[in-house]
Amino acid sequence: NAGVTQTPKFQVLKTGQSMTLQCAQDMNHNSMYWYRQDPGMGLRLIYYSASEGTTDKGEVPNGYNVSRLNKREFSLRLESAAPSQTSVYFCASSEGVHQPQHFGDGTRLSIL
Amino acid sequence: ILNVEQSPQSLHVQEGDSTNFTCSFPSSNFYALHWYRWETAKSPEALFVMTLNGDEKKKGRISATLNTKEGYSYLYIKGSQPEDSATYLCAPKTSYDKVIFGPGTSLSVIP
């Protein structure tokens with residue numbers, strides 16, 4: 001039972017480097033999400049995708065881009081990493097307004 | 001930006017105590033409210049999905065109520081145990097797909 005799989009689990013980058021975080025789900029969900037975890041602020045929505053081919057901005061989209069490659073995969077790209085983007089990133093998926101989200105294990109990203 | 005508030009921000013209780021938290025959200029354009037339990041170094045796990053005004057949900061010692069007209073939900077834990085220590089997140093949905101989380105309530109249960 002894979003559920004939501006995120007890769008990599010850990011990554012260290014230097015300021016200015018680029019990086020793509022990968023997320024895949026095997027539950028045939030239409031909706032997928034990227035969040036970042038910041039101390040005292042819970043989970044903040046970066047981008048989401050309601051269905052294959054669509055993406056929308058969340059609360060904190062600046063500095064990120066996303067791609068909904070197909071129904072299974074939703075990637076998050078940092079074009080020019082900044083220390084303020086040091087965080088734990090979670091991918092999630094869900095199906096319908098009455099169904100909860102299923103989360104991946106997170107990617108811990110440090111930017112020096 | 002959806003304004004979701006949770007109170008208290010954190011609390012410490014003794015094992016066996018009962019406790020409750022509050023989630024406040026704008027009452028307009030309500031679709032559903034989700035509660036999640038988030039243990040340190042793990043991923044959030046869903047507790048409840050609530051959709052109707054007056055909804056009450058229960059799972060073991062944990063229960064929740066929903067008031068969509070005034071925009072709040074309560075989460076109750078009866079007889080807290082150390083394994084209940086976690087951050088509890090609420091996420092009101094004001095559109096079909098977009099999910100915004102509150103800042104969470106951090107619970108520590110002291111043995």
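Note that the structure is a prediction, hence the values are computed from the model and not measured. Residue numbers start from 1 in every chain, and the chains themselves are labelled A, B, ... in the order their sequence lines are given, proteins ahead of strands.
- Clustering ILVMFWY residues whenever any of their side-chain heavy atoms sit less than 4.5 angstrom apart, transitively, puts Y64(A) in the very cluster that holds M32(A).
- A single hydrophobic cluster is not seen to contain both Y31(B) and V49(B); linkage of ILVMFWY side chains at heavy-atom distances under 4.5 Å, directly or through other members, places them apart.
- Note that the NZ atom of K57(A) and the NZ atom of K98(B) stand 11.0 Å from one another [nearest 0.5 Å].
- Within 6.0 Å of CD on Q9(B) lie no more than 12 heavy atoms contributed by other residues, nucleotides or ligands.
- Residues L11(B) and V109(B) are members of one and the same hydrophobic cluster, defined by side-chain heavy-atom contacts under 4.5 angstrom among Ile, Leu, Val, Met, Phe, Trp and Tyr.
- Side-chain N or O atoms of Y36(B) include one that pairs as donor or acceptor with a backbone N or O of Q101(A) at under 3.5 Å.
- Atom CD of residue E45(B) and atom NE2 of residue H102(A) lie 11.0 Å apart, to the nearest 0.5 angstrom.
- At a threshold of 4.5 Å between non-hydrogen side-chain atoms, the residues S94(A) and V99(B) do not count as touching.
- Note: the hydrophobic cluster containing L66(B) does not contain Y72(B) (ILVMFWY, side chain heavy atoms under 4.5 Å, direct or indirect links).
- The environment of CZ in R44(A) is crowded: more than 12 heavy-atom neighbours from other residues, nucleotides or ligands sit within 6.0 Å.
- When each of P100(A), S49(A), G42(A), G104(A) is scored by its heavy-atom pairs under 4.5 Å with chain B, the top score falls to P100(A).
- Placement of Y89(A) and V60(A) within a single hydrophobic cluster is found when ILVMFWY residues are connected by side-chain heavy-atom separations under 4.5 Å, directly or transitively.
- Neither the backbone nor the side chain of W35(B) comes within contact range of chain A; no heavy atoms are under 4.5 Å apart.
- Contact annotation for T51(B): only side-chain heavy atoms (C-beta onward) come within less than 4.5 Å of a heavy atom of chain A.
- W38(B) has its side chain within reach of F90(A): a pair of non-hydrogen atoms, C-beta onward, lies under 4.5 Å apart.
- No other option in S31(A), A50(A), A92(A) has as many heavy-atom pairs under 4.5 Å with chain B as A50(A).
- Here the closest heavy-atom approach between residue G96(A) and residue K93(B) is recorded as O-NZ, 3.7 Å.
- Pairing each heavy atom of F103(A) with each of S43(B), the nearest pair is CB-CB, 3.8 Å.
- Counting heavy atoms from C-beta outward, L45(A) and F101(B) have side chains that stay 4.5 Å or more apart.
- Residues E59(A) and I100(B) come closest through the heavy atom pair CG-CD1, 3.4 Å.
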